[in-house]
Amino acid sequence: MKENKKISRRKFLGLSAGAVAGLAFSPSIPTLFAASKKTYDYSILPAGKREYIASNCAMCVNKCGIIAEVVNGRLHKLNPNPEHIKSRGMLCAKGNAGAALPYSPDRLKTPLLRTGERGEGKWKEISWDEAFKYIAKNLADLKQKYENRSTVAFASTEGFQEEFYYYLVNSFGSLNTVRHTTLCLASNIQGWSSVFGVFPDADLLNAEYVIMLGADRAQSLITPDSVNFQRYKPEGQKLIVIDPRFTVTASKADRWYPIKPRTDQGFVLAMINVIIKEGLYNRQFVESYTHGFKDLEKMVQDYTPQWAEKKCEIPAAEIVKTAREFAAHAPRSVIYPGRRSSFYSHEVYVRRTFAILAAICGCWDTKGGVVPRSSIKLNTPEVSFPFFMQTRDRVDKESTDLLKDVVPSSVMCPMIGTGLPEDSCSFLSERDGSWLTFREAVLNDTPYPVKGFFCFKQNPMQSVPNTTKTIAMLKKMDFICVIDMQMSDTAWYADIVLPHTSYLEGWDPATGISGINPLVEFRQPVIKPLFDTKTMFEISGGIIREMLNIPSLWDDIEPDDLKNFKEDVVEGILNRPIQEYIKTQVSNYPGALEKLMNNGFFTVESKKPTYGATRTPGFRFKTKTGKIEILNERYKEFGLFPLPKYCEPKNFVQKSGTYRFLVGRTAWNTQTTTQNIPYLWEIEKENAVWINPGEAGKLGIVSGDYVWIKSRVGKQRIKALVTEKIRPDCVFYSNGWGRRSPWLSRVYKSGASEAEIIEDVLDSISGGTCLHETFVSITKA
Amino acid sequence: MKRKRYAIVFDTKKCLNCKACTVACKFENYVPVGDDSYRLWVTEMPLEGRFPVLRQEFRPSQCQHCENAPCEKVCPTGATFRTAEGVVLIDYDKCILCKACMAACPYDARFVSKKHDAVEKCTFCMHRVSEGREPACVETCPVRVREFGDLNDPDSTVSRLLNQRAYYQLKPEKNTRPRLFYLK
Amino acid sequence: MTNQNNSLSHIFRVNKDIPAMPFIACGAALLLVGLIGVIRVLVYGQEAVYGVTRQVPWGLLIATYAYFVITSTGLAFIGGLGHAFNVQPFARIGKRIVLLAFIILLAGFTQIGMEIGHPFRLMYLFILSPNFSAPIVWMGIFYGIELFLLSIELYLIFVKSPKNHALSAATAFLTLMVGVAATSNLGFVFGSLTARPFYHGIYFPTFLVVSGIAGGCAILLLIHNIIYRFNIPDELSRTMSGLSKLMGLCIGAMLFLSAWKIISSLYTAPAEAYEAATALLSGPLAINFWCGEIIFALLLPLAMLLMSRGKNFMIMGAAGLFFMIGMFFTRYDFIVAGQLHPMRAGNAGSHVDVLNGLVHYAPSSGEWMIFALGLGLFFFFYFLAERFIALEPE
Ligand SMILES: Nc1nc2c(c(=O)[nH]1)N[C@H]1C(S)=C(S)[C@@H](COP(=O)(O)OP(=O)(O)OC[C@H]3O[C@@H](n4cnc5c(=O)[nH]c(N)nc54)[C@H](O)[C@@H]3O)O[C@H]1N2
Ligand SMILES: Nc1nc2c(c(=O)[nH]1)N[C@H]1C(S)=C(S)[C@@H](COP(=O)(O)OP(=O)(O)OC[C@H]3O[C@@H](n4cnc5c(=O)[nH]c(N)nc54)[C@H](O)[C@@H]3O)O[C@H]1N2
Ligand code: SF4
Ligand code: SF4
Ligand code: SF4
Ligand code: SF4
Ligand code: SF4
Ligand SMILES: [Mo]
């Protein structure tokens, strides 16, 4: 503080020099003053060495470009990189607040070993050597005891270092991995892919007409979309926002429809009905590229706007108008794919329906429509890991029907006779797993016990619904290791906590970011590491080297495998500086490394947006028929509805006095990661629940009152915000509050946690989580 | 060469209320965390209409760099002064913390700074501008609500925007002649 | 040497009759509290110790500053009437008046000294780079001169022969003039704030001058009652009734001014002034306003002065006491009311917390302690002087 004060103090350089100069030129007093002001020294930065180092933000999934301003080795500020083709010169509140991260007193600074009971908060500082030995020994013990490597599970969320986390996973040989995908966008990927074979991006820069259903680009920042949708919005582009809440995105819309939640599919089906009935669809495109249009035509006959009006509570005339406008602007019309789709149990069908609307209007792979992503291929070393005998298949693959018993009637969809489709996890992506199924399997020891838990860059205590079950799951573990930067709620319940280096202090490998404009990013240290932390690259190396000292860990593989593994993975990569790895990765592109170092990213000319690669005769989509599948053949095989039939629970009535709980974001926090950062915390010090004034009146609640929000699985105390911005049948509050870890001092027990009250409902097709299937009651606290 | 007349033009219709500018300003200018400690603010304007026809805007603001600056007039020591470019600045070493300027400012732009032990406020990031860089709040904005530039340069973005579009200013009745312009 | 000794012995004596000790003790206690306040400020900083905010940057200490210095200039005014215009009843108690004015001015300076963040910087910057368009500079100049003139008066009255009339009268006249200038300029310190319409106009400078004179009368009536143990000798009856008449007149003027200020604030355009007025009439300051200002400062003293019919000194003293209490609220309310209207609406994100459209201010314990410092200084030194210096009327 003191030091800063001295340096930044402003001084008149020139009261002497300037004043004299002023006198020489003009005798008048005012000029004298002006002259002295002109020589004013504006600098506020400490004198010394100033550097600008390019890298990329890691405060959320977006990885925007940053130029770190470093003065005398201390990070002063993170500036946006104006040349970055994804973030296009912006840096959000969280991205800016990243500059405080390395210096935060709340960081994890050294490995910690639990000494008291789990969750009691008694820790001992240990060295990395001790930590690696301890972990290797526990892994060996678990393997020995359960004779099944998959008894250790590995949770993680995307990030550049995740690649090296999988070095550890694969070196141990567990197949039980769970990622954020099924908490986030699994159903979205599944739904769009079931039509087009891939999950596309929206070409907002060239679209004339945009419909956003259930996405909030103004607050849930996704680059480049969040930049494009206002800053580079083409003249005349129309935006229709459909959301039960009046989000900031809705405030920018030409029209906002506060749809009855869970009925989006009805809205879009009615649009399709109008478009087909009025012959507004793209006949030629449909004929050339799609499969099953005739069946669709038949199916949507009943889905009239009048029918939809009753479901969605949006006037039929508005639906008709929207349908006609969408078709009129096609193919420069976007039905926005969005990102998070962990909404409802039938979400795959919702997203399928979106995709089908795009398909019949030919808004595919063309300027202003939805466009398949392209990517830049890196020369990343292909490494092979040993084949372990004692590895069993994933738990969630074998226990897909466990969650059936806990499905509430509110989500039962008559897709198949009784309720949910049977063959659920068949579509899960191997690495992603299915969080809810996984947890249920662990809780039931089915098909086998899972006794070890690793967690990297994920905080399932807050991000997986129904915290009670997550705690129960953790209780089943013999061993828990969490790798984080702060004492997350999950870390608080661990046996050993490893401090990860922040994204500003270490090297991250080059990683391709796919999109309409693909690019490759990496990270370089902008400051020297401040504490005794390590990156996942170093942590995996450390643990694996210790594992190699324990023969019992390698007794179920071929000796040759071990030798190759040591040579390729350990000697070839982990024992060498990561910079060499990065060099290899980009070795195909001359000058790429330099571009990375200077600009934080690189792209290649040939990847400038070109449209229509898939719109060529004979192109095979990654679907069973090779066509755009309006009717999905594989779904048919699996006994699922092949067409986007409207899914809703049978005879469901929302009990009066209950509200559907909705999930959404604020622009200044990322998930459960950033709330404790003082610069963000001061923007919002606790969350508040949105309640419509009419309902609040009935309940006798005014803004500022504290209320209890109660669901079947938990209750939370929270401040009320009475606002017209939400439908009367819903309530909402933001994620990341009401924390269980006292080391998150600012937000510990402040506000309300979402995960504690959201019921665990599975979208059984994608394995995804349904965060909007919970009904809550409200009482004054 | 003509003397520069710096100004900021806001296109508030685009503002996302994302608070990137507020955080950026704090880091750039060493403004500490604290409820009264901020150089700029982004206000949620009152919600208009009734469900389901609603409208809302967000309005960022900061020191207006008034051409007729009440804060400057009342400052007893000349700590508050205007540069040749019309930027209102404070010489922290001359501030006696009488807070007259705070009482005088019609925009509540000033505050007592723990960091400087003086009153402080937005400086238009003159330390950046003098190096040819943009103010931090201008640069970081996802939608570029603000444009910074020279009113005396007819080709500057600010001049062009003010020529092309209607605008308003805050509290014109105070006759402060702000250098912040809000596009309509 | 002998001469000086003589004059000094002429000055000093022990006045056993005056009940000064309890006040000296009380003053010492208050001074102690004040010193603790000062130490707190030095250790933790003003920000942590004071309750003023970004929205209400001027709080209790500006009010107490005004309270003291305006009373002081009011006293100087009365003294000036006595010495310069030869109003005998007031001239008779000239010593007391000048000493009171001097000590109360110093008490006021403690308030502003502790309120300003860098008082020492102020001292040299006012000389090195004064901004003459700033009313505060003039405030500094006027009050600086006032202090200087009062010192000279003190010197003339006590050290020099008290009979040096010509010089005495000239200084007294100057003191009166500068006092009026200082007080009305203090009004302009507020009146010049375009941001705060409630302060605007001629009202405040006038009101301050008038209420200062009333304050001077009030404190003299009160002090004499104390000194003479509520048994003021008949020889002072003309002085007392003179003071009470002057005070009554001033209170009448104040009533008139206040009424029109409130009425015009309620009727004029700027919402700010209207809101300030309603804050006083029915808002957060209503109790202060009706009880403190209207009853204690205006109605009650006026009624009592009328009741006393210029004869009952005890009732006059009581009127003085009530007035001084009421005057505190008057100063406080005025300073605070003008700032309660926020400079931007209290919408989310504006950082402005409002209740019914107004921001909130409440003095902190630290600010009260600094007020105690000022009060303590007054009690301690004034009654010390009463005890040990010859102040009786001529
Ligand atoms: N600032 C910030 N930005 C982020 C993140 C962050 O945490 N903070 N997280 C990133 C991540 S991981 C993701 S996945 C994305 C998520 O970003 P988005 O995909 O935009 O998803 P959300 O904002 O979670 O939810 C979108 C909206 O759906 C609405 N909604 C709820 N139910 C329904 C319904 O039945 N129908 C319709 N039409 N709408 C409904 C909610 O009110 C909410 O406003 O954001 C990313 N960007
Ligand atoms: N109730 C509720 N649940 C949700 C959501 C919701 O909105 N509401 N959103 C869902 C969505 S879309 C998603 S994507 C998921 C996200 O959920 P998670 O993937 O669990 O993400 P976070 O909750 O942000 O937790 C990330 C953890 O990683 C840590 N971390 C951050 N950076 C690093 C790093 O560089 N290294 C290491 N080792 N650790 C780091 C953070 O401190 C934090 O503890 O949550 C899902 N679950
Ligand atoms: S959106 Fe914000 S937090 Fe996310 S990467 Fe970009 S700047 Fe960082
Ligand atoms: S906005 Fe306030 S601080 Fe800025 S120049 Fe105007 S009066 Fe001064
Ligand atoms: S507080 Fe400082 S800048 Fe403001 S008027 Fe007083 S001396 Fe000038
Ligand atoms: S111009 Fe600079 S100092 Fe002013 S508000 Fe913007 S970032 Fe802050
Ligand atoms: S950064 Fe831009 S969009 Fe965000 S709050 Fe500030 S002005 Fe608005
Ligand atoms: Mo996500």
Side-chain angles (χ1 to χ4, degrees), chain A residues 1 4-5 8-12 33-34 37-38 40 42-45 76-80 82 87 89-97 99-100 218-219 221 223 226-227 229-231 233 246 248-252 256-258 667-668 678-683 692-693 723-728, chain B residues 11 13-30 32-35 37-38 44 47 49-58 78 81-84 89-93 114-118 123 125-131 133-134 136 139-145:
Chain A
M1 243 14 246
N4 281 341
K5 182 174 157 181
S8 68
R9 197 167 266 184
R10 292 142 184 284
K11 287 200 178 65
F12 284 98
F33 269 87
K37 280 169 189 173
K38 259 185 209 157
Y40 196 75
Y42 295 116
S43 67
I44 62 167
L45 292 172
H76 169 59
K77 184 174 183 294
L78 296 170
N79 294 313
S87 56
M90 74 89 150
L91 203 67
C92 79
K94 306 166 286 160
N96 273 285
Q219 295 177 98
L221 302 170
T223 48
S226 292
V227 181
F229 105 104
Q230 287 293 294
R231 179 162 173 186
K233 178 177 173 165
F246 186 70
V248 175
T249 306
S251 76
K252 307 291 172 201
W256 167 59
Y257 297 128
W668 46 81
Y679 290 88
L680 300 173
W681 168 80
E682 70 171 341
I683 298 173
N692 181 281
T723 172
E724 297 257 355
K725 291 190 198 177
I726 190 160
R727 283 175 59 92
Chain B
D11 192 351
K13 296 247 174 336
K14 292 190 206 158
C15 176
L16 308 178
N17 190 31
C18 74
K19 314 283 192 201
C21 47
T22 68
V23 182
C25 177
K26 287 214 161 184
F27 279 95
E28 182 62 46
N29 297 294
Y30 299 99
V33 169
D35 289 345
S37 167
Y38 54 89
E44 297 179 22
L47 190 65
R50 280 200 63 116
F51 186 91
V53 183
L54 299 174
R55 264 186 324 274
Q56 186 170 37
E57 273 197 37
F58 307 96
F81 67 97
R82 277 158 49 83
T83 68
L89 294 176
I90 300 157
D91 183 346
Y92 303 133
D93 290 343
K114 273 194 221 130
K115 157 99 179 129
H116 299 293
D117 210 2
T123 57
C125 280
M126 282 305 283
H127 62 286
R128 281 173 148 245
V129 172
S130 62
E131 293 175 354
R133 299 154 70 206
E134 290 179 324
E139 179 189 63
T140 207
C141 176
V143 292
R144 209 158 173 100
V145 164

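Each chain gets a letter, A, B and so on, in the order its sequence line appears, and its residues count up from 1.
Options B:C21, B:A136, B:G34 differ in how many heavy-atom pairs under 4.5 Å they form with chain A, and the most are formed by B:G34. Of the residues considered (B:A118, B:C141, B:A24, B:C18), B:A24 shows the highest number of contacts with chain A, using heavy-atom pairs under 4.5 Å.
Only the side chain of A:E682 comes within contact range of chain B, with at least one heavy atom under 4.5 Å from a heavy atom of that chain. Only the side chain of A:F229 comes within contact range of chain B, with at least one heavy atom under 4.5 Å from a heavy atom of that chain. For a residue to count as touching a neighbouring chain, one of its non-hydrogen atoms must lie under 4.5 Å from one of that chain's; by this rule A:Y679 touches chain B with backbone and side chain alike. For a residue to count as touching a neighbouring chain, one of its non-hydrogen atoms must lie under 4.5 Å from one of that chain's; by this rule A:L78 does not touch chain B. Contacts between A:A250 and chain B at a heavy-atom distance below 4.5 Å are absent for every atom of the residue. A:I683 touches chain B through its side chain: at least one heavy atom from C-beta onward sits under 4.5 Å away, while N, CA, C and O do not.
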Checklist entry - Between A:V248 and B:F58, is a side chain to side chain contact (heavy atoms under 4.5 Å, CB included) present by the stated rule, with each step listed? => result CA-CA 9 Å; A:V248 175; B:F58 307 96; 3.8 Å; yes
Item to check | Full working for side chain to side chain contact (heavy atoms under 4.5 Å, CB included) between A:Y42 and B:L89 | outcome: CA-CA 10 Å; A:Y42 295 116; B:L89 294 176; 3.5 Å; yes
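Applying the salt bridge (charged side-chain N to carboxylate O under 4.0 Å, His left out) test to B:R128 and every residue at least two apart in sequence or in another chain returns B:E28, B:E139. Applying the side chain to side chain contact (heavy atoms under 4.5 Å, CB included) test to A:R231 and every residue at least two apart in sequence or in another chain returns A:V227, B:V143, B:R144.
Side-chain contact between B:L47 and A:F246: present, with at least one pair of heavy atoms (C-beta onward) separated by less than 4.5 Å. Side-chain contact check for A:S226 versus B:P142: every heavy-atom pair is 4.5 Å or farther apart.
Between A:W256 and B:F51, the ring planes lie perpendicular to each other; the angle is over 60°, past the 30° to 60° tilted range.
Between B:F27 and A:H76 the shortest heavy-atom distance is O-CE1, 3.1 Å.
Each of B:N17, B:T22, B:V23 was evaluated against A:W668; a single residue qualifies, B:N17, per the side chain to side chain contact (heavy atoms under 4.5 Å, CB included) test.
With A:K252 contributing its side chain and B:K13 its backbone, the two residues share a donor-acceptor pair below 3.5 Å. For B:K19 (side chain) and A:K94 (main-chain N/O), no donor-acceptor pair under 3.5 Å exists by modelled atom type.
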